Every structure is written in structure tokens, then in C-alpha cells.
2 protein chains.
Amino acid sequence: MSVTIRDVARASGVHISTVSRTFSAPHLVNPNTRSRVLACAEELGYRPNRAARALITGRTYNIGLIVADIANPFFPPLIKAAESQARKHDHHIFVADTNEDPALEEEVVRALAKQVDGVLICSPRMNNALIEQLSREVPLVVVNRQIAGIPAVVMDVAQGARLAVEHLTTRGHRNIALLSGPRGSWTSREIRRSATATARAGHAELTVIGPNPPTEVGGLTVAEDVLRAGASAVLAYNDLMAIGLIEGLLTAGARVPEDVSVVGIDDIMLSRLTRPKLTTVATPTAAAGRAAVDMLLAHGDDRRSTAHLHLQTELVIRDSTGPGPGPHSPADPGYVSVPGGVAS
Amino acid sequence: MSVTIRDVARASGVHISTVSRTFSAPHLVNPNTRSRVLACAEELGYRPNRAARALITGRTYNIGLIVADIANPFFPPLIKAAESQARKHDHHIFVADTNEDPALEEEVVRALAKQVDGVLICSPRMNNALIEQLSREVPLVVVNRQIAGIPAVVMDVAQGARLAVEHLTTRGHRNIALLSGPRGSWTSREIRRSATATARAGHAELTVIGPNPPTEVGGLTVAEDVLRAGASAVLAYNDLMAIGLIEGLLTAGARVPEDVSVVGIDDIMLSRLTRPKLTTVATPTAAAGRAAVDMLLAHGDDRRSTAHLHLQTELVIRDSTGPGPGPHSPADPGYVSVPGGVAS
DNA sequence: GACAGAGGTGCAACCGCTTGCATTAATTGT
DNA sequence: ACAATTAATGCAAGCGGTTGCACCTCTGTC
């Protein structure tokens, strides 16, 4: 049914090995022969079978991309960028969704291992030991997690959380709540660590609420807790939770930002469009997707490549944060307020 | 490096064919042998190489999924559902993003053809003839397009557009604008056809503006045109455009829905969260993703399976539509107004 | 006791392609 | 004029599996 290398060989009167070389080592075949073969291939619509080639070369030209939840708006830009970058290098992408389930992460990596050149694991929920073990079975690049010896692309959320909390403390907030993310999230731990330290430095109290599912509902359901804790400002694990929280706060009769200021993290498209527009920490997700693919393709075989790429984050101040009850810090924080318009 | 069927055969003292049968035809091997083989396989961590198997069986257990833009919020729920359904049947999914480029669609289908059991093309932009041709090279299921002889899953947007326009005309809107989608979109043509007929039946005038890119920016940039056309209500090709349009209208000083009513299509997550909350036509994207995968796997080989599955849409009335300048229709439309709360 | 049939396993070809090596023809050096 | 390169191609093994067929060993039957 499908046209194979033999069909092309027959049509052009050469041995299949010559056809093979025409595609994978053109300099070894006579220019005349080459063009004849190419003409026949073109006419027959021949495309090399990559799986067959992979069997012998060991290179599949496929990449696995594993995310916790495709429908979480944080991931699509990353997936899109990764796919685009991969195809630029003639690779295809398997996408798998683990539904925030660590066990499924392991299973999927193993299932994919044989048919990919490497796997990108985004925001993994499994533990480090398991990741290290898997990285011995298949080249791995991890996004949003730092593990010694495993190549990684991480967004500097610690810095982002620091900027966010400073933004709040300098504007007079003394009682800040932190909505943490899902259990097992490295990002969540980083945020917590950084936010705690920054709050202390700013003479503010930080109440941690969580862990929570990283969704709108996750934020919505803790609105009560936030009010009960008497916090005048909240930093949420991600924008989705922040938006859900705002929804919950408004429903409960609290005003945002007059009564409670809310800061998210990620700067997903949505945050520009809700009312009030969300103050948030912008993370370069598309850049991370591209970089992760590059990293995977770059150090192809030589393991031991243990590069860690850090990507800057920045605070985007919009309308969901306002002054708190405490005294303003005299020091002008100097952040640039980015208007929440439509991206170009 | 990787453990193969031969390693397992050696470890368990049987021929490779017995190992092979242990996995692909267990009833042919003695229960004792089978359990011994399975034990060895387990211990060695053996996983059959699917690419090698595919070479001889012709079944790859892979599916290609092609979308115009992963970052368009319409697609992620569909991708997620398709991936989940595919994995339920032990299949993996290649995702490709064509950036709304018809030529890229063709290229990607061809590139993927050899390593998948079938391809799902969502909202294709290429022409019917090309799709028919491709469907001769690889099993195809098309989402959101009807072509004779090609299995398809379509959302009944014509019905949705009718409901939307009736909603507007019965509330006194006599001058309605339609923001059409990208060139080549079957959905856009369907909407236009249905909206035109429904507007005429409701004694309203319909102005078509477009084609437009199916994005927020696409909606934003035509806000001026909408105002200039003097429309009191707008039906947009999708929610993203509707949201962009609202942004543009507000910026231009028009109130929504007091001055202009806006209806979107798709009911993406965003539409519940913008202010005003968007009235929109809900399309069952997740169901479509699942159904498309099922359809692809079901009629596996027997082509000629030309099933067309139609999925109902429904109007979700929220806060972006209000009464128009004309007289209300006495007839109660009887639509159920769904509050725009958070999904359960 | 010979034989048919069934159950269980091994053998070897093959899927589509790559690649080391052998073979042949053409070119170069001396 | 002849050996030594070099360029171009063919040959065949093999990547990791599957599968039709042959073979062997039991049972049960008459």
C-alpha cells in the first residue's frame, strides 16, 4: 500500500542502499543518480519510514512532552512553543497529560521512552529520586524543577515571589496570605520559601493556606479561609487560583483591591481580561518551551550535560492590588507598572 | 543498552517467538511458561518496542492530532480529551500546531502519516479536495467540517448561531454585525449561512465583517467597524474575538451590553470570567475530542466508514447581551439562562 | 497399539531501512 | 604501463519484533 524504498529503487534502477544514501548521505552518491532517484521519489510520493530508520539508527526524531494538565492555561503556550521549536528541527512531539498524578507521570515516561529521543517533563509532581532513575532510562529535561545532575529549565519564581511580596509590604500590607499549590510542586516550595523570607524582611506576617489544586476552583474554595485569616493581601500559586479567589471574595462581599489585594503568578492570557485586571508575576513560558527543546536536542547523547537555565520573571502591576492598612514604605519601589492592554 | 525481547528470551530459557506470543497472543503459550516469561520481563524492565512491532503489524498505536493554534483556548480541552481517550485505548498522541496555515496542515499530515494509525484534523483550513486526497494516504477523521465520504465530528454551530441570532432579534436588535472567522473555515461559513437566514426571518439586517484572524486582536481591531456600521448587537466567530471586541468597544467609549450586545461562540473558560460575563454558544469540545478518537479507532481499517457525528450546541445567556432599540418580540424564547458561575 | 488431534514451542522469513564491507570502474602518480 | 587511490554502487546483515509453518509430545479413541 505505502510506497517504500524498494519501490523507489525499482523505479530508478538502483539498489535500495543507493536510495537510502540519497537521503541520509547524499555526498556518497553520484549527482546524476541522486537527481534521478529524487525525481522518482518525488513522483511516487516517497517518504522514508522514520520508525524503520529509528530501529537501526536509534534516533526517532520524536520528543515526549509531559504536562500535568493541558487545559491549564499555563501550559498551552509552552506546548506551542516546544512543538514549533521541535518541528524546526524536524522533530515531532508526543503530548501526554498526567492529570496532576505523579504515578501517571512515571508510567507515561516509560511508555514513551522507546519511541522518543528524549522527554520533557514540565512541572513534575513526582519525587526527585524517581526523576533521577528515569533519566537513566531516557534523556530527560525538566522544566520548573532543579535537581542536581538533571538538565533543567527553570523560571525564577523565587525572584518573582520576592518582587510580589515586596510590592505588597511596601504598600502597607502587614498580613499576607499565601495560597500554595499542589503537593509535590517544586515551584510551590520555592514560592513559599522566597515569600516567607521576603515577608519577614518586610515586617509582615505570612499565612500559608494549602496545598490546593492549582485551579480556579482551588482559589474559589479558600476565599473564606482568606477572609477568616484577616489577610489584606494574597499571593496565589498561579493566576487561575488568583482569579478563582477574586471570584470567591467578590461573592463573599469583599472588594478587590479595596479590601483585599490579590497577586497571581504566570501572567496567563486571562489575567489581562478579568476585572479587575490581575497583578501578577509574568513567567516566560514560551521561552521555556523553546529552551527545553533546544537543551534536549543539543546534548543529545552526552549525558552528564547538567546545564540549568534560569529564566527571569517580572512583576506586572495591574488593578488587583492596592494600598494596605499599614504605613506605606517611603522607599519608592520603582517597579514599572505595565498597563494591562492587549498583547501585540 | 535497552532491554530487548532477546534478553528476556535468554533469561527465561525460551525462544524469542515465545516471548513475543506471551505479550501479543498469551493464549498460545503454556501458563507456566507465560508466568516465567512475565517474571523475567518484569525483572528486566522489558517493554516491547512499538516501532519495531509496527513495522510488521502495521499498527503504530499512535494518533496524529492537528490543530490550528494550541494557544487558542478553544483547543486545549479538545486536545486533553482526545489524549485521555487515546491513552485509554493504549494509544499515544502526536500534537501538531499549524499556525492557521493550510499548507502546513498538508505537510504535517504527510510527515506524520507513516507513524500513526490515523490523523485527527481539527477545524481544517485547507480545501476539501486536498482533504479527500490525504484521506487516501492515511485514515482521517475531521473535526468541524463536513465532507462527503470523510468521517467527521461536527459541532452544530449552525443551530448555535440560529439560537444566538434569535436571542438578539427577539430582544429588539435590528442591526446585527457578524464577525466572521478565518478564510477557509467551514465553521465560519456555517455560522454565516445560518445567521443570515435567521436574521432575515427575524426582520433584522446582518452586516458581515471579515474575514478576521480568530483571536482577541482580531476582535479588537474591528471595534471601530462595528460602531461605524451602527450595529446594536454582534455575533462573533468565537469567544476570543468577542472578548477582544468588548475590550475595543469599551475603549472606544461604548457600553456593553447597554450600547452594544455581544455574543461569542465556544464558551471557553474565559467567558465566565470576563466582565461582563459573555453570552455565548457552548460547543462540546471535550466530547468532540473523545468522539473523534473513538471514530478513528473504531473503523480502523475499513475505510468507507463515512459516519458523521453531530454534536448539539446550546446558548448560554450571561451579561454581555441586553435589549436592543427595536420592539421586543412578544414570543418568549424560552431559553434557559445559565448563571455564569464557576463550573463544578 | 496405531493414529488423529491439540497444545506448546522453535525456526526462519520478513517489515523498511541503514551501514560496513566488497566490488567495480575511473582517475592519478610515477 | 601498472599499482594505488578514489568514487560509486551493490551485497547482506541486522535493528526488535511478528507470524505462518513444521515439529514434537501428550491424550484420548477405536
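Just so we're on the same page: letters track the sequence lines, and every chain starts at 1. Source: prediction; values computed, not measured.
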Less than 4.0 angstrom from a charged side-chain N to a carboxylate O is my criterion; do A:Arg110 and A:Glu137 meet it? yes
Kindly point out which of C:dG8, D:dA8, D:dT19 is positioned nearest to the side chain of A:Thr33? D:dA8
Any base atoms under 4.0 Å from B:Val19, or only sugar-phosphate, or nothing? Heavy atoms, all strands. nothing
With a non-hydrogen cut-off below 4.0 angstrom, is B:Ser20 in contact with a base, only sugar-phosphate, or nothing? base
If you look at every strand shown and take non-hydrogen atoms under 4.0 Å, does B:Arg47 touch a base, only sugar-phosphate, or nothing? sugar-phosphate
Answer with yes or no whether B:Arg6 presents, from its side chain, a donor or acceptor under 3.5 Å of a partner atom in the base of D:dG17. yes
Regarding B:Ser17, tell me which of base, sugar-phosphate or nothing describes its non-hydrogen contacts under 4.0 Å with the strands shown. base
With no hydrogens and no angle check, just 3.5 Å: does a side-chain donor-acceptor pair link A:Asn128 and A:Arg145? yes
Name the nucleic acid region contacted by A:Tyr46, choosing base, sugar-phosphate or nothing; use a 4.0 angstrom heavy-atom cut-off, strictly under. sugar-phosphate
Would you say the side chains of B:Gln115 and A:His92 form a donor-acceptor pair under 3.5 Å? yes
Heavy atoms of A:Pro151 and A:Leu140 approach each other most closely as CG-O, 3.2 Å
Spacing between A:Gln115 atom CD and D:dG17 atom C1', to the nearest angstrom: 14 Å
Contacts of A:Ile56 and B:Gly13 projected onto DNA chain C by closest heavy atom; the upstream (5') one is B:Gly13
Quick one: is D:dA8 close enough that its OP1 or OP2 comes under 4.0 Å of any side-chain N or O from A:Thr18? no
If I take atom CG in residue A:Asn32 and atom P in nucleotide D:dA8, what distance separates them, rounded to the nearest angstrom? 10 Å
To the nearest angstrom, the CZ-P distance between A:Phe23 and D:dT9 comes to 15 Å
Interatomic distance, A:Arg59 CZ vs D:dG16 C1' [rounded to whole Å]: 20 Å
Residue A:Leu55, side-chain heavy atoms: nucleotide from D:dT19, D:dA8, D:dC15 that is nearest: D:dC15
How many Å lie between OH on B:Tyr61 and P on D:dG17, as a whole number? 15 Å
Where the side chain of A:Thr18 meets the backbone of A:Val14, is there a donor-acceptor pair that is under 3.5 Å apart? no
In whole Å, I'd like the distance from the CZ atom of B:Arg53 to the C1' atom of D:dC15. 16 Å
Measure distances between side-chain N and O atoms of B:Arg21 and base N and O atoms of C:dG10, and say whether any donor-acceptor pair falls under 3.5 Å. yes
Regarding B:Thr4, tell me which of base, sugar-phosphate or nothing describes its non-hydrogen contacts under 4.0 Å with the strands shown. sugar-phosphate
At less than 4.0 Å, is any side-chain N or O atom of A:Asn49 found next to OP1 or OP2 of C:dG16? Yes or no. no
